Amino acid sequence: MNDSPHTAFSSSLPPPPATVLVAMSGGIDSTVAAMLLLEQGYDLTGVTYRVFDNISRGCMEKEKGCCSVDSLFEAKRMVEELGFAHHILDIRQEFKNSVISNFIDEYLHGRTPNPCVLCNSYIKWGKLVEMADTLGCRYIATGHYARIGRQDGRYFLKKGVDESKDQTYFLWMLTQENLSRTLFPLGGLTKPEVRKIAFDHGYEKLSKKTESQEICFIPDNDYRAFLAAQAKDFEEWCRPGCFLNTAGEKIGEHQGFPNYTIGQRKGLGIALGVPMYVVAINARENTVTLGTKEELKGKMCYAEQINLMKYASIPEGMTVTAKIRYRNEEATAFLFPEAGRIRVVFEREVNSITPGQSIVFYEGDDVVGGGIIILEL
RNA sequence: UGUCCCAUUGUGUAAUGGCAGCACAGCAGAUUUUGGUUCUGUUAGUCUAGGUUCGAAUCCUGGUGGGACAA
């Protein structure tokens with residue numbers, strides 16, 4: 001705690017000066033990250049993505065989402081003040097073809113996607129590395145609250161020191177190549193410390209900026225309306241169907257399975273005297289099964305699209321703590337590698353295991369790896 | 001057609017002559033770089049027309065609607 005913000009991370013960084021491509025969102029985190037790198041003597045170039053055209057969707061809400069056109073100008077202005085080169089990279093087409101199309105496709109298959117995970121891997125780091133190579137930058141940097149560890153020739157993520165802001169859950173898909181070139185200047189800092197740095201540098205307004213939130217390409221936060229507007233033949237997919245109980249009996253009518261997600265309680269419009277939650281979605285049958293909080297619990301799942309970090313392979317029965325959604329407590333789990341996937345058995349039952357969401361495995365602060373949850377083979 | 005029973009917020013239920021309450025649903029806010037969860041706040045009701053009473057969801061009479069038994 002007595003470490004100054006600067007020495008807190010300098011020991012793990014390569015000796016400056018080195019060239020760094022820093023992703024600037026216009027928010028406080030990436031801006032402070034850039035400030036810290038500058039003070040360390042790095043040679044910076046900034047880049048801001050234009051991922052989605054919010055203006056064309058009639059939404060000009062201020063300071064909403066990391067990717068609004070508004071924050072784009074904010075980022076450019078910041079970089080000008082800090083005094084290094086800045087590029088705007090228009091990747092709307094790639095973003096639409098990867099992140100958004102996957103988002104829609106997952107919902108139409110009855111799963112619940114996590115677009116941030118894909119975006120980090122495909123867009124943020126994918127494009128960052130590409131651009132760093134083009135510009136001849138050795139490193140890339142972002143304002144995430146995460147750290148990087150190294151062991152036996154492998155790179156892995158470590159949780160940010162500020163556990164309440166830890167963002168490793170969204171970064172499990174990063175490759176060894178990604179990690180080997182990444183700097184996280186904020187990994188050793190807490191959010192209040194970051195705000196103070198911004199304040200001390202004279203950026204009072206920035207220091208009080210609210211957190212970005214919601215899905216960045218859905219500014220009004222209504223993903224159901226977004227699906228209806230963007231998904232091809234949505235009416236074909238989204239038809240009223242049966243709410244079932246866990247015994248398979250009809251207990252009501254739903255508004256189309258893509259409108260629901262596992263664990264959902266609000267918006268069911270069904271009153272049974274006790275809270276009911278979505279416990280299963282069957283896209284093929286167009287049924288949505290409801291159950292009590294107790295019936296929401298589960299003890300195992302599979303993880304696919306595995307990305308390993310700390311170790312090259314997972315020993316049979318390895319004990320880890322697993323996180324099945326952001327801001328959830330980790331749960332002790334045992335891993336059993338199978339062909340192309342991992343079977344995950346939880347020590348105790350956990351709530352609402354949701355197909356499509358990420359599961360991330362930890363060993364203390366270290367990220368062992370992660371995958372996408374599926375329940376049935 | 002005869003007899004009996006029932007009717008309270010969107011739903012299910014408490015209150016037996018004395019401030020209509022609870023759960024679920026709904027709505028709003030807080031939290032949150034995904035969806036959801038969670039927390040806090042909140043809207044809304046005595047089927048209808050009369051009568052008894054200081055006072056009626058509650059007792060009496062008619063009506064309406066639903067159910068059961070009888071045929």
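Just so it is clear, the model here is predicted, and its values are computed rather than measured. Proteins get letters first, then strands, A, B, ... in listed order; numbering begins at 1 in each.
Both tests do not hold together for A/Lys127 against A/Tyr49: distance to the six-membered ring centre under 6.0 Å, angle to the ring axis within 45°.
Put simply, CG on A/Leu186 is 14 Å from P on B/U33, counting in whole angstrom units. Rounded to whole Å, atom P of B/U37 lies 13 Å from atom CG of A/Asn328. Going from atom NZ of A/Lys266 over to atom P of B/U40 covers 12 Å, rounded to whole Å. At whole-Å resolution of the value, CG in A/Leu171 and C1' in B/U34 are 13 Å apart. Between A/Asn114 atom CG and B/G36 atom C1' there is a gap of 12 Å when expressed in whole angstrom units. A/Ile215 places its CD1 atom 14 Å from the P atom of B/U33, with the value rounded to the nearest Å. With rounding to whole Å, A/Asn221 atom CG is found 13 Å from B/A28 atom P. At whole-Å resolution of the value, CD1 in A/Ile100 and C1' in B/U34 are 13 Å apart.
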| remark: Each base of RNA chain B marked ( ) or [ ] if paired in-strand (Watson-Crick or G-U under 3.5 Å), | if paired to another strand and . if unpaired gives (((((((..((((....[..)))).(((((.......)))))....(((((..]....)))))))))))).

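Comparing B/A23 with B/C39, their P atoms sit 12 Å apart, to the nearest whole Å. The gap from the P atom of B/G29 to that of B/G65 amounts to 44 Å, rounded to the nearest Å. Nucleotides B/A30 and B/U64 place their C1' atoms 47 Å apart, quoted to the nearest Å. Spacing of P atoms, B/A14 relative to B/C27, comes out at 27 Å, to the nearest Å. Comparing the P positions of B/A56 and B/C5 gives an interatomic distance of 24 Å, to the nearest angstrom. If you take atom P in B/G18 and the same atom in B/A70, they sit 38 Å apart, rounded to whole Å. When the P atom is compared between B/C54 and B/A15, the two are found 27 Å apart, to the nearest whole Å. B/A20 and B/G55 are spaced 15 Å apart, taking the C1' atom of each and rounding to whole Å.
For B/U32, the OP1/OP2 oxygens have no side-chain nitrogen or oxygen of A/Lys165 closer than 4.0 Å. Residue A/Arg325 places none of its side-chain N or O atoms closer than 4.0 Å to OP1 or OP2 of B/U38. At B/U37, none of the side-chain N or O atoms of A/Tyr260 fall inside 4.0 Å of OP1 or OP2 (strictly under the cut-off).
Residues A/Met24 and A/Thr31 have side chains in contact (heavy-atom distance under 4.5 Å, counting atoms from C-beta outward).
The side chain of A/Phe170 lies closest to B/U33, out of B/U33, B/G35, B/C27. Across B/U33, B/G35, B/U37, the shortest atom-to-atom separation from the side chain of A/Tyr326 is found for B/U33. Nearest to the side-chain atoms of A/Lys293 among the listed nucleotides B/U34, B/U38, B/C24 stands B/U38. With B/A25, B/U34, B/U33 as the candidates, the nucleotide lying closest to the side chain of A/Tyr169 is B/U34. For A/Arg265, counting side-chain heavy atoms from C-beta on, the closest listed nucleotide (B/C27, B/G35, B/U38) is B/U38.
Residue pairs satisfying the salt bridge (Lys or Arg N to Asp or Glu O under 4.0 Å) criterion with at least one member in residues 225-236 of chain A, sequence neighbours excluded, are absent.
Between A/Thr261 and A/Gly269, the residue whose closest nucleotide on RNA chain B is further toward the 5' end is A/Gly269. Comparing A/Leu272 and A/Tyr223 by the nucleotide of RNA chain B whose heavy atom lies nearest to each, the residue mapping closer to the 5' end is A/Leu272.
Residues A/Tyr203 and A/Glu81 bring a donor and an acceptor atom of their side chains to less than 3.5 Å of each other.
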| message | For A/Tyr139 and A/Arg181: C-alpha separation, side-chain torsions, deciding distance, then whether side chain to side chain donor-acceptor pair (under 3.5 Å) applies. | response | CA-CA 5 Å; A/Tyr139 294 103; A/Arg181 297 180 64 174; over 6 Å; no

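Among the protein residues, A/Leu296 comes within range of no part of the nucleic acid, since none of its heavy atoms lies under 4.0 Å from any strand. If you check every strand for non-hydrogen atoms under 4.0 Å, A/Ser352 touches nothing.
A 6.0 Å sphere centred on CZ of A/Phe334 holds more than 12 heavy atoms belonging to other residues, nucleotides or ligands.
A/Asp222 has no carboxylate O lying under 4.0 Å from a charged side-chain N of A/Arg224, or vice versa, which leaves the two without a salt bridge. At a threshold of 4.0 Å, the pair A/Lys196-A/Glu193 does not count as salt-bridged, since none of the basic side-chain nitrogens sits closer than that to a carboxylate oxygen.
Ring orientation note: the planes of A/Trp237 and A/Phe257 are nearly perpendicular, at an angle over 60° on the 30°/60° scale.
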